Undergrad: 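Once you've had a glance at the structure underneath, I'll fire off some questions.
It should be emphasised that the depicted structure is a prediction, and the values quoted were computed from it without experimental measurement. Just so it is clear, the values below take in all heavy atoms, side chains as well, and ignore hydrogens, waters and symmetry mates.
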Amino acid sequence: MVVVESKEMVFKVSKVSTTPIDGQKPGTSGLRKKVKVFIQPHYLQNFVQSTFNALTPEKVRGATLVVSGDGRYFSKDAIQIIIKMSAANGVRRVWVGQNGLLSTPAVSAVIRERVGVDGSKATGAFILTASHNPGGPHEDFGIKYNMENGGPAPEAITDKIFENTKTITEYLIAEDLPNIDISTIGVANFLGPEGQFDVEVFDSASDYVKLMKSIFDFELIRKLLSSSKFTFCYDALHGVAGAYAHRIFVEELGAEESSLLNCVPKEDFGGGHPDPNLTYAKELVARMGLGKSDSAVDPPEFGAAADGDADRNMILGKRFFVTPSDSVAIIAANAVDAIPYFSSGLKGVARSMPTSAALDVVAKNLNLKFFEVPTGWKFFGNLMDAGLCSICGEESFGTGSDHIREKDGIWAVLAWLSILAFKNKENLNGDKLVTVEDIVRQHWAIYGRHYYTRYDYENVDAGAAKDLMACLVKLQSSLDEINSIVKGARSDVSNVVNADEFEYKDPVDGSVSKHQGIRFLFEDGSRLVFRLSGTGSEGATIRLYIEQYEKDSSKTGRDSQEALAPLVEVALKLSKMLEFTGRSAPTVIT
């Protein structure tokens with residue numbers, strides 16, 4: 001390792017007086033606000049110091065921390081601030097991905113897998129990301145802390161952070177520590193009041209690529225990608241996935257350079273919205289033959305996209321969209337045969353409550369442990385740390401396994417490529433390959449189909465959103481009133497047999513999570529779920545989930561929106577969506 005800077009100096013630790021700033025409550029995905037909020041004097045510093053103060057001393061003094069993120073605007077400034085505050089708080093060393101880039105799953109992998117030249121292991125990380133939200137001077141920024149297991153800080157820690165932000169009076173910073181050149185791989189050594197402090201800039205991709213090669217059969221996938229019958233397209237939406245795409249798909253798996261779209265990470269994601277869905281991944285959607293206008297060019301056989309920090313994924317076949325709920329179920333159903341990491345069997349599977357029950361049916365058929373958890377990856381992490389879960393997913397384009405403690409977009413793409421490679425390993429020279437659509441339809445034939453859609457109403461007035469949810473909770477006290485509204489809207493929809501707010505008792509630590517979503521459960525197995533999302537930086541997002549199960553294989557080929565239209569009508573009547581929000585249509589449909 002090249003030492004790029006060495007200072008035989010004792011940097012000074014300054015105590016800077018500050019006052020609490022309102023609204024620094026981290027959610028399940030960390031603290032997210034507009035950049036203009038984060039660049040306020042002391043705003044970032046207050047949150048970072050409050051985090052250090054929430055951790056036990058051994059997790060800070062003498063510790064190794066990772067500091068990196070998705071490269072969005074303000075990340076480079078934030079990294080320098082956190083490095084200087086780490087030095088002042090007694091941290092022994094900081095690891096930074098080259099150019100400040102590390103995907104969220106790669107951070108988890110680095111915490112769990114990377115060993116420094118001196119035998120050091122990371123005990124935590126500051127991840128700088130606002131996930132799938134836009135970036136730029138007038139857009140979103142975010143920060144979250146991950147623990148020594150590689151997963152997000154549990155509620156006990158985030159609650160402490162929040163309490164600390166309300167009482168903070170000073171923070172520590174080494175203001176005279178020079179800025180680190182994070183574009184060059186190497187180690188910078190310094191001396192502080194408590195001894196040596198190092199900053200190591202390392203290759204962003206190496207540890208993650210090594211982990212992926214230990215999970216999947218890269219040679220089998222390479223044979224698929226080298227087939228003249230198989231074409232491939234991957235869109236990073238100018239997010240941090242671009243730092244991994246060339247290394248994995250081109251160098252390791254032999255894909256054509258031209259198969260990569262928008263794979264140069266940019267601070268503003270190229271002016272786009274880095275959310276991998278049918279609305280925002282416009283270029284990929286068009287290339288895959290799912291756009292509004294027909295293209296004369298034959299679409300690729302397989303397409304995929306990532307979000308800003310590369311923990312989410314969207315899977316597409318030629319003119320075919322795979323719902324995230326179906327995706328995790330299909331990966332689980334095929335994992336043991338197609339992915340070497342799972343060859344000895346699955347420990348169990350889990351999904352978030354709003355995700356469709358497609359995974360439940362697979363678990364029942366394969367006699368697997370099954371868990372339904374609230375939205376938030378930390379709930380999966382508890383199950384994985386206890387050895388209860390191998391594969392998990394959520395409808396918001398998040399899929400993953402127990403190889404790390406975050407959802408992992410590139411892992412999901414490699415899982416699908418592994419299934420395609422396995423299904424086609426004796427067929428690469430045949431007339432026709434087994435396609436993404438073939439695999440999904442075969443799955444429906446065996447397990448039935450869960451027609452599913454999600455309506456997102458973004459940037460709704462927060463007060464109106466809360467009023468809508470409160471009205472639904474009040475309505476749940478009378479099934480008779482609910483069913484009167486249901487039948488008044490659509491006589492062909494089944495009766496509601498149960499209405500509640502989802503509550504979860506963690507089987508590992510016994511903690512209870514309440515108010516995790518409002519559910520209406522119908523006699524025929526259909527579901528309506530309403531949730532307020534905490535992943536945006538302003539306003540509120542109301543998410544409406546609509547699901548209907550169809551076991552009859554002769555009825556699994558209908559258009560999803562057509563099949564669900566009666567339930568959609570009922571949902572809008574029950575919630576008085578137009579009345580409360582003024583919205584006659586959702587912002588996004590997936």
Side-chain angles (χ1 to χ4, degrees), residues 70-71 97-103 105-106 183 185 203-213 215-272 274 276 280-291 295-319 408-421 424 428 433 435-436:
D70 62 14
Q98 189 174 17
N99 296 311
L101 297 176
L102 278 176
S103 71
S183 67
I185 290 175
D203 180 73
S204 300
S206 295
D207 298 288
Y208 181 78
V209 173
K210 181 181 176 184
L211 179 59
M212 293 301 103
K213 291 178 77 171
I215 294 170
F216 300 102
D217 185 341
F218 269 42
E219 187 54 39
L220 189 62
I221 300 173
R222 175 182 272 273
K223 287 178 181 175
L224 174 70
L225 266 62
S226 67
S227 169
S228 59
K229 295 184 180 66
F230 188 81
T231 43
F232 165 84
C233 185
Y234 183 78
D235 188 349
L237 294 174
H238 287 302
V240 73
Y244 305 86
H246 187 276
R247 184 81 67 88
I248 291 174
F249 298 122
V250 177
E251 293 182 22
E252 294 287 348
L253 296 174
E256 296 290 335
E257 187 82 42
S258 58
S259 64
L260 303 184
L261 281 177
N262 305 315
C263 280
V264 177
K266 294 185 178 181
E267 288 188 337
D268 66 350
F269 306 108
Y280 294 125
K282 294 182 178 72
E283 190 174 350
L284 176 68
V285 167
R287 186 177 286 201
M288 296 303 297
L290 288 165
S295 171
V297 179
D298 193 38
E301 291 294 330
F302 180 85
D307 69 334
D309 65 332
D311 64 348
R312 300 183 185 215
N313 72 95
M314 177 170 66
I315 303 297
L316 302 174
K318 182 185 291 188
R319 302 187 184 91
D408 190 344
I410 289 178
W411 174 91
V413 174
L414 291 170
W416 266 92
L417 289 173
S418 295
I419 294 166
L420 284 161
N424 285 293
L428 291 177
L433 294 181
T435 67
V436 170

Undergrad: Report the C-alpha distance between Leu316 and Val436 in whole Å, list the side-chain angles of each, state the deciding distance to 0.1 Å, and finish with yes or no for side-chain contact (heavy atoms from CB on, under 4.5 Å).
TA: CA-CA 7 Å; Leu316 302 174; Val436 170; over 6 Å; no
Undergrad: Start with the C-alpha gap between Leu414 and Leu253, add the side-chain angles, then the distance that decides, and say whether side-chain contact (heavy atoms from CB on, under 4.5 Å) holds.
TA: CA-CA 10 Å; Leu414 291 170; Leu253 296 174; 3.8 Å; yes
Undergrad: Using a 4.5 Å cut-off on heavy atoms from C-beta on, say whether the side chain of Val413 contacts that of Phe249.
TA: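 They are in side-chain contact.
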Undergrad: Counting only heavy atoms not in Lys223, do more than 12 fall under 6.0 Å of its NZ?
TA: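 Atom NZ in Lys223 is not crowded, with 12 or fewer foreign heavy atoms closer than 6.0 Å.
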Undergrad: Side-chain contact test, heavy atoms from C-beta onward, threshold under 4.5 Å: evaluate it for Arg247 versus Asp203 and give yes or no.
TA: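 Touching, per the 4.5 Å side-chain cut-off.
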Undergrad: Does any non-hydrogen side-chain atom of Val240 lie less than 4.5 Å from one of Pro265?
TA: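 Heavy-atom side-chain distance check fails, nothing below 4.5 Å.
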Undergrad: Minimum heavy-atom separation for Ser227 and Leu433, please, with both atom names.
TA: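 So the two residues come closest at OG-CD1, 4.4 Å.
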Undergrad: Any idea which heavy atoms bring Ile315 and Ala412 closest together, and the distance?
TA: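 Here Ile315 and Ala412 meet closest at CD1-O, 4.5 Å.
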Undergrad: Strictly distance-based, threshold 3.5 Å: is any side-chain N or O of Asp307 a donor or acceptor partner for the main-chain N or O of Arg312?
TA: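 Looks like yes, one N/O pair under 3.5 Å.
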Undergrad: Should the ring pair Phe218 and Phe216 be called parallel, tilted or perpendicular, given that the plane angle runs from 0 to 90° and is split at 30 and 60?
TA: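 The rings of Phe218 and Phe216 sit tilted, inter-plane angle from 30° to 60°.
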Undergrad: State whether the number of non-hydrogen atoms from other residues, nucleotides or ligands found under 6.0 Å of Lys229 atom NZ is greater than 12.
TA: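 Above 12, so yes.
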Undergrad: Would you say the side chain of Thr435 lies within less than 4.5 Å of the side chain of Phe302, judging by non-hydrogen atoms?
TA: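 No. Closest side-chain heavy atoms not under 4.5 Å.
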Undergrad: Please examine the side chains of Ile410 and Tyr234, heavy atoms only from C-beta on, and report whether any two atoms are closer than 4.5 Å.
TA: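 Counting from C-beta outward, Tyr234 and Ile410 do come under 4.5 Å.
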Undergrad: Atom CG in Asn99, atom CG in Leu101: separation rounded to 0.5 Å?
TA: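 Taking CG in Asn99 and CG in Leu101, the distance rounds to 5.5 Å.
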Undergrad: Report the C-alpha separation of Leu102 and Tyr208 in whole Å, then their side-chain angles, then the decisive distance to 0.1 Å, and conclude whether the side-chain contact (heavy atoms from CB on, under 4.5 Å) test is met.
TA: CA-CA 10 Å; Leu102 278 176; Tyr208 181 78; over 6 Å; no
Undergrad: Considering non-hydrogen atoms only, spot the tightest contact between Asp70 and Gly308 and give its length.
TA: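 Looking at all heavy atoms of both residues, the closest pair is CB-O, 3.3 Å.
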Undergrad: To the nearest 0.5 Å, how far apart are CG in Asn262 and NE2 in His238?
TA: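 Answer rounded to 0.5 Å: 4.0 Å.
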Undergrad: How long is the gap from CG on Asp207 to CE on Met212, to the nearest 0.5 Å?
TA: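 Separation between the atoms: 11.0 Å.
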Undergrad: Let me confirm one number: the SG-CG distance from Cys233 to Leu284, rounded to the nearest 0.5 Å.
TA: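 The SG atom of Cys233 sits 5.0 Å away from the CG atom of Leu284.
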Undergrad: Can you check side-chain contact (heavy atoms from CB on, under 4.5 Å) on Met314 and Leu237, steps first, answer last?
TA: CA-CA 12 Å; Met314 177 170 66; Leu237 294 174; over 6 Å; no
Undergrad: Counting N and O atoms only, with roles assigned by atom type, does the side chain of Thr231 sit under 3.5 Å from a partner on the main chain of Glu301, one being a donor and the other an acceptor?
TA: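 Such a contact is found between Thr231 side chain and Glu301 backbone.
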Undergrad: Going from CG on Leu417 to CG on Asp217, what distance comes out if it is rounded to the nearest 0.5 angstrom?
TA: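 If I round to the nearest 0.5 Å, the distance is 12.0 Å.
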Undergrad: For Arg222 versus Glu252, what's the shortest heavy-atom pair and its separation?
TA: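 Minimum heavy-atom separation between Arg222 and Glu252: NH2-O, 2.9 Å.
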Undergrad: Is the closest side-chain heavy-atom distance between Asn313 and Trp416 below 4.5 Å?
TA: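 In short, these two side chains do not touch, never coming nearer than 4.5 Å.
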Undergrad: Any side-chain to backbone donor/acceptor pair from Tyr244 onto Ser204? Under 3.5 Å, distance only.
TA: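 Looks like yes, one N/O pair under 3.5 Å.
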Undergrad: Between Cys263 and His246, is there a side-chain heavy-atom distance shorter than 4.5 Å?
TA: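 No, every pair of side-chain atoms sits at 4.5 Å or beyond.
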Undergrad: Measure from the side-chain N and O atoms of Ser103 to the backbone N and O of Ala310, and report whether any donor-acceptor pair falls under 3.5 Å.
TA: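 It does not hold such a pair.
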Undergrad: How many angstroms lie between OG in Ser259 and CZ in Arg287, if you round to the nearest 0.5 Å?
TA: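 So the OG of Ser259 and the CZ of Arg287 are separated by 8.5 Å.
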Undergrad: Inspect the surroundings of CD in Glu251 and state if more than 12 heavy atoms from other residues, nucleotides or ligands are less than 6.0 Å away.
TA: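 Correct, the count exceeds 12.
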